[in-house]
Amino acid sequence: MGNEPTRETPAAAEAAGPTTGRAAPAEGPERPGLRLRDGALWTLVTNRPVSLYATSVLRIGYGLLYLVFLLREFPHRHQIWGPDSPWTPALAAQLSEQTGWQSFLLLSDSRAYFELCYAAALLTSALFMLGWRTRAMSVLFAVVVTSFHARSIFMTDGGDNLVLLMSLYLVLTACGRRWSLDARRTRRKATRAPHTPKRVKSPSGQRFRDARDTLTTVVHNCGVFVIAAQVCFLYGSAGLYKVQGSFWADGTALHYVLHLRLFQPWPALSHFLDQYPLAIAAISYLTVLTQVAFPFVLFGRLKYPVLALLLATHLGIAVLLGLPVFSGAMIIADAVFLPDRFYTSLPRLGRRTARRFGVRLPTPRREHGAGQSVPAQGRQGAHAPGPR
């Protein structure tokens with residue numbers, strides 16, 4: 001490009017002044033390397049939304065997890081979040097002034113008001129999980145999780161801390177674009193589109209839609225990046241803290257954990273596993289290794305066995321230590337690192353497995369508009385992207 005002759009107008013040559021034989025220093029527009037890198041980064045952020053299926057899995061997972069959590073604690077709701085809680089509304093209000101977390105449960109001490117709020121929380125979690133009006137439901141779900149967390153911070157097992165963060169991050173994403181009632185409604189509109197007259201779009205209206213779609217795509221991709229960075233930070237910091245501990249260094253940490261009465265839902269199982277010290281030491285070292293290595297294996301195929309090991313670790317925590325909410329929150333968060341082609345291959349794998357057992361399943365219809373940007377979730381039209 002630099003060796004090709006250029007043609008200048010006389011006015012341009014006169015304005016340039018006398019030539020000196022040396023090329024002028026390259027300025028911003030003349031630096032193709034920097035422009036290429038900036039353009040590639042901008043294209044990566046604005047071209048198409050990433051991890052649409054993964055964010056949908058997060059929406060379904062966290063909506064279902066919080067719904068089950070509220071249903072499980074339904075008999076004890078008054079002691080955890082209600083007027084009968086040992087963490088009184090006055091203490092919660094005092095802590096709220098220090099932390100800045102607000103809760104609509106503190107607006108009234110009425111028992112009827114609390115029951116209404118609890119029913120609204122159950123309904124919001126269910127609708128968010130199903131993906132009905134996802135943009136609005138994601139905001140309401142974040143408000144619900146924030147309010148219940150701020151009401152009684154010290155009354156749960158700590159797993160809702162991650163659910164709280166993820167509920168805030170999911171507000172930024174287009175998590176209702178796949179496997180949702182919104183996506184189903186969009187497909188039905190697409191099937192009726194050829195039979196309806198098309199309206200002529202003005203240039204200004206089209207530019208506004210393009211700008212809105214680009215903004216939605218950028219915000220979605222940034223939200224996915226924040227979620228992935230949060231999970232990497234959790235695993236990396238947990239692994240580094242374990243490295244500094246002497247019990248993890250000599251492989252006896254799991255031995256002492258199994259003897260904590262507060263975390264023994266199945267004492268017989270804990271005592272049975274404690275009879276194999278070599279296996280306990282190996283699991284301890286493997287846990288530290290996978291957590292420390294996790295942020296460094298995300299861009300290769302090694303992340304799949306690491307994710308499998310982390311899945312086994314969290315299942316063990318849920319069963320052995322009795323922390324299902326924490327384990328479920330971490331397992332769902334790990335789903336963001338699986339590519340969309342993994343999720344799109346699941347229906348084919350399911351149909352193939354069903355045919356082996358003699359069961360025939362219907363073939364799903366393909367979605368339209370692959371590779372385009374994401375419009376607002378509340379108004380999904382013909383520009384909706386399809387599966388990649």
Salt bridge present between Arg207 and Asp210 (N-O < 4.0 angstrom): no
Inset, instruction - Return the orientation label for the Phe337 and Phe294 ring planes: parallel under 30°, perpendicular over 60°, tilted otherwise. - result: perpendicular
The reported gap from CG in Leu67 to CZ in Arg72 (rounded to nearest 0.5 angstrom) is 12.5 Å
Going by heavy atoms in the side chains, are Phe342 and Tyr53 under 4.5 Å from each other?
no
Is a side-chain donor or acceptor of Ser125 paired with a backbone partner of Gly63 at a separation under 3.5 angstrom? no
Atom OH of Tyr113: over 12 foreign heavy atoms under 6.0 Å: yes
field: N/O donor-acceptor pair under 3.5 Å between Ser138 side chain and Arg135 backbone
entry: yes
- [ ] Give me the ring orientation class for Phe148 and Tyr66: parallel if the planes are under 30° apart, tilted from 30 to 60°, perpendicular past 60°.
- [x] perpendicular
Taken to the nearest 0.5 Å, the spacing of Arg178 CZ from Thr344 OG1 works out to 10.0 Å
Residues passing the salt bridge (charged side-chain N to carboxylate O under 4.0 Å, His left out) test with Asp84, sequence neighbours excluded, are Arg111
Closest non-hydrogen contact found for Arg59 with Gly176 is NH1-CA, 3.7 Å
Can you establish whether the number of heavy atoms outside Gln94 located under 6.0 Å from its atom CD is more than 12? no
Query raised in the report: With under 30° as parallel and over 60° as perpendicular, where do the rings of Trp179 and Tyr343 fit, or are they tilted in between?
Result: perpendicular
Closest non-hydrogen atoms of Trp87 and Arg151, given as atom of the first, atom of the second and distance, are O-NH1, 2.7 Å
message: Which label fits His255 and His259: parallel for a plane angle under 30°, tilted from 30 to 60°, or perpendicular past 60°?
response: tilted
What one should report as the nearest heavy-atom pair of Cys175 and Leu170 is SG-O, 3.9 Å
Output for pair (Leu91 CG, Ser152 OG), nearest 0.5 Å, gives 10.0 Å
Could you tell me whether Tyr304 atom OH has more than 12 heavy atoms of other residues or ligands within 6.0 Å of it? yes
Quiz item: Are more than 12 heavy atoms from other residues, nucleotides or ligands located less than 6.0 Å from atom CZ of Phe225?
Solution: no
Separation between CG (Leu127) and CG (Leu140), nearest 0.5 Å, reads 9.5 Å
**Asked** Can you get from Leu311 to Met330 by hopping between Ile, Leu, Val, Met, Phe, Trp and Tyr side chains that sit under 4.5 Å apart?
**Response** no
Shared hydrophobic cluster, Leu286 / Val288 (ILVMFWY, side-chain heavy atoms < 4.5 Å)
no
Are Tyr256 and Ile280 joined in one hydrophobic group, where the rule is that I, L, V, M, F, W and Y side chains link up if heavy atoms are under 4.5 Å apart? no
Q.
Within the 3.5 Å criterion, strictly below it, is a donor on Ser180 or Asp182 matched to an acceptor on the partner's side chain?
A. no
Rounded to the nearest 0.5 Å, the OG1 atom of Thr290 sits from the CG atom of Leu307 at a distance of 10.0 Å
(request) Could you tell me whether a side-chain N or O of Tyr62 sits under 3.5 Å from a main-chain N or O of Met129, the two making a donor and an acceptor? (result) no
Where the side chain of Ser147 meets the backbone of Ser103, is there a donor-acceptor pair that is under 3.5 Å apart?
no
Smallest heavy-atom separation, Gln291 atom then Leu310 atom, equals CG-CD2, 4.4 Å
| message | Keeping Thr191 on the side-chain end and Arg188 on the backbone end, is there a donor-acceptor pair under 3.5 Å? | response | yes
Output for pair (Ser51 OG, Asn221 CG), nearest 0.5 Å, gives 8.0 Å
Nearest heavy-atom approach of Ala142 to Leu168 is CB-CD2, 4.0 Å
Got Leu172 and Ile227 here, is their nearest side-chain heavy-atom distance under 4.5 Å?
no
Would a single hydrophobic cluster contain both Phe296 and Leu289, if residues Ile, Leu, Val, Met, Phe, Trp and Tyr are joined by side-chain heavy-atom contacts under 4.5 Å? no
Gln264 side chain to Leu258 backbone, donor-acceptor under 3.5 Å:
yes
- Message: Within a 6.0 Å radius of atom CG on Leu278, are there more than 12 heavy atoms belonging to other residues, nucleotides or ligands?
- Response: no
Practice item. Spell out, yes or no, whether Phe69 and Leu71 are grouped together once hydrophobic residues are joined by side-chain heavy atoms under 4.5 Å, including indirect joins. Key: yes
Here the pair of heavy atoms bringing Ala54 nearest to Leu338 is CB-O, 4.1 Å
